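Below is one structure, written out as structure tokens; the observations come after it.
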Number of protein chains: 2
Amino acid sequence: MNSFTEENYLKAIFKLSSPKVDGVSTNAIAEEIQTKASSVTDMIKKLSDKKLVKYKKYQGVHLTKKGKEIAVSIIRNHRLWEVFLVEKLAFKWDEVHDFAEELEHIRSKELTNRLDAFLEFPKHDPHGDPIPDKDGNIYNHKDITLSDLKSAEKGIVVGVKEHSKSYLNYLESVNLVLGAEIKVNDVIDFDHSMSITVNKKKTANISHQVSKNLLIKKTD
Amino acid sequence: MNSFTEENYLKAIFKLSSPKVDGVSTNAIAEEIQTKASSVTDMIKKLSDKKLVKYKKYQGVHLTKKGKEIAVSIIRNHRLWEVFLVEKLAFKWDEVHDFAEELEHIRSKELTNRLDAFLEFPKHDPHGDPIPDKDGNIYNHKDITLSDLKSAEKGIVVGVKEHSKSYLNYLESVNLVLGAEIKVNDVIDFDHSMSITVNKKKTANISHQVSKNLLIKKTD
DNA sequence: TATTATTTTTAGACAAGTCTAAAAATATAT
DNA sequence: ATATATTTTTAGACTTGTCTAAAAATAATA
Ligand SMILES: [Mn+2]
Ligand SMILES: [Mn+2]
Ligand SMILES: [Mn+2]
Ligand SMILES: [Mn+2]
């Protein structure tokens, strides 16, 4: 078995991995996990001994098949518990992440699958992130953000790239929740801020900082 | 905040405390928590520094008000999650304890109270143990066991004193689940085994080992 | 009461995970 | 290509919780 700490490192490495980067850097992991680079090096060695990552000094780190499986199963747990907390216990989308950070470490295929069934196999968590299926497949939606839209284009909010309480609270205050319909009225060249209409009713002015973190599915 | 380890010690001390014993012994705690007496002494000192227990060398240990509050809140969590796992995720009563041992440490009054509400404020967990209310009050049922009944007396199963998988499995195989109606047909003097009728249908022979761990509410 | 047995505590060591400070490797700039 | 800056690793220390072996205190027995 692996400690919570080990699991959190695997999750961080998974999050930082992408086809673009060949090997996740020590510093990036340290930043993600809020610790020192020296601590990361120590842990990487341990994970490497356990064959959960592939590691060559100074060359960055890759998850092995086994390491990736564990990371994905934790993410599946995390997102399912977030759905539970919102759908069944009536928490708001900005209140559930920290609980899920703890619940995700209770790792049992049986428990996870039953929770999944109880929730009626949700496809996305309360922030629009895709929930890996029981075989570990993740169906990411393509990465279009509100900031990619031009004047007069329309879309539906399908997710957020930033999960902070303050961001989520702000979104709610302007009705930019999952499923909200957006029409772009105007984009300011200078700072890329935009004027939008939400659900055909309210008009709001949105900074680039806000629009670039809002995942959108284009309509029309 | 307290570590899982500290919380488990508090729970153990609570479990071992009773009006009868003045001070829980180091050895008893070691036995309960499956560790060495020397480790217990170390931890007791730490809990004492944190004012969660009252401790005088060689004199055993008492929970303080604060320590007791924490212990009770963990037990409340544990039992509520067990209800969730059985009622909502359709686990059996012998499968839920180990999960609850982990879930109980996610300590948030808000989460616990919402879970309680979602489960419609259950009074007992799947093993018949009382669930502390949100103010920490526990309403224990009086301690009558099947072994206290005499020939021809009747009762209803309200709980179990032993929680092992093997015991719970056995009980289920002879229909001795919570709510089962029992009539004692005969008690053998030699080994205190008894012949009983369950739910007016099945007859079973029950050893003393079994009957003394089955909590009963007398009827008639 | 003196002796023996049991319980509890202390002393010292170890593994996990973290940190700071310094050394080594790699990347960037002149 | 050399010097400088940045990243990464090592060395050594600290904390938490555990252990074994031995000492000290308490309880049981003769
Ligand atoms: Mn989250
Ligand atoms: Mn989420
Ligand atoms: Mn239990
Ligand atoms: Mn129980």
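Only this structure's heavy atoms are used, side chains among them; waters, hydrogens and symmetry mates stay out. Below, chain A is the first sequence line, B the second, and so on; all start at residue 1. Here the structure is a predicted model, which means the values were calculated and not measured.
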Spacing of Leu89(A) atom CG and Trp81(A) atom CH2 [to the nearest 0.5 Å]: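 Rounded to the nearest 0.5 Å, the CG-CH2 separation comes to 9.0 Å.
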In whole Å, I'd like the distance from the [atom1] atom of [X] to the [atom2] atom of [N].
X	N	atom1	atom2	value
Glu31(B)	dT7(C)	CD	P	12 Å
Lys57(B)	dA27(D)	NZ	C1'	19 Å
Lys56(A)	dT26(C)	NZ	P	13 Å
Asp42(A)	dA11(D)	CG	P	11 Å
Tyr58(A)	dA24(C)	OH	P	9 Å
Gln34(B)	dC19(D)	CD	C1'	15 Å
Gln59(A)	dA25(C)	CD	P	12 Å
Ile33(A)	dC19(C)	CD1	P	11 Å

Counting only side-chain nitrogens and oxygens, does [X] get under 4.0 Å of the OP1 or OP2 atom of [N]?
X	N	answer
Lys45(A)	dT10(D)	yes
Thr26(A)	dT9(D)	yes
Tyr55(A)	dT8(D)	no
Ser38(B)	dT20(D)	no
Asn27(B)	dT8(C)	yes
Tyr9(B)	dT18(D)	yes
Lys36(B)	dA21(D)	no

Backbone N or O of Ser3(B) within a donor-acceptor pair of the Glu6(B) side chain at under 3.5 Å?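 Yes: the side chain of Glu6(B) pairs with the backbone of Ser3(B).
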Under the criterion salt bridge (Lys or Arg N to Asp or Glu O under 4.0 Å), I'd like the reasoning laid out for Asp143(A) against Lys161(A): C-alpha separation, chi angles, the key distance, then a yes or no. CA-CA 10 Å; Asp143(A) 217 3; Lys161(A) 291 181 81 171; 3.7 Å; yes
So, are Glu7(B) and Lys11(B) salt-bridged, with charged N and O less than 4.0 Å apart?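 Between Lys11(B) and Glu7(B) there is no salt bridge, as every charged N stays at least 4.0 Å from the carboxylate O atoms.
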Which nucleotide in the list dT8(C), dA21(D), dC19(C) gets nearest to the side chain of Ser39(A)?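 The answer is dC19(C).
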Look at all strands and tell whether Thr41(A) reaches a base, only sugar-phosphate, or nothing, counting heavy atoms closer than 4.0 Å.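 If one applies the 4.0 Å heavy-atom cut-off, Thr41(A) turns out to touch a base.
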Has Lys88(B) got its NZ or CZ under 6.0 Å from the middle of the six-membered ring of Phe118(B), at an angle within 45 degrees of the ring axis?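 Yes, Lys88(B) and Phe118(B) form such a contact.
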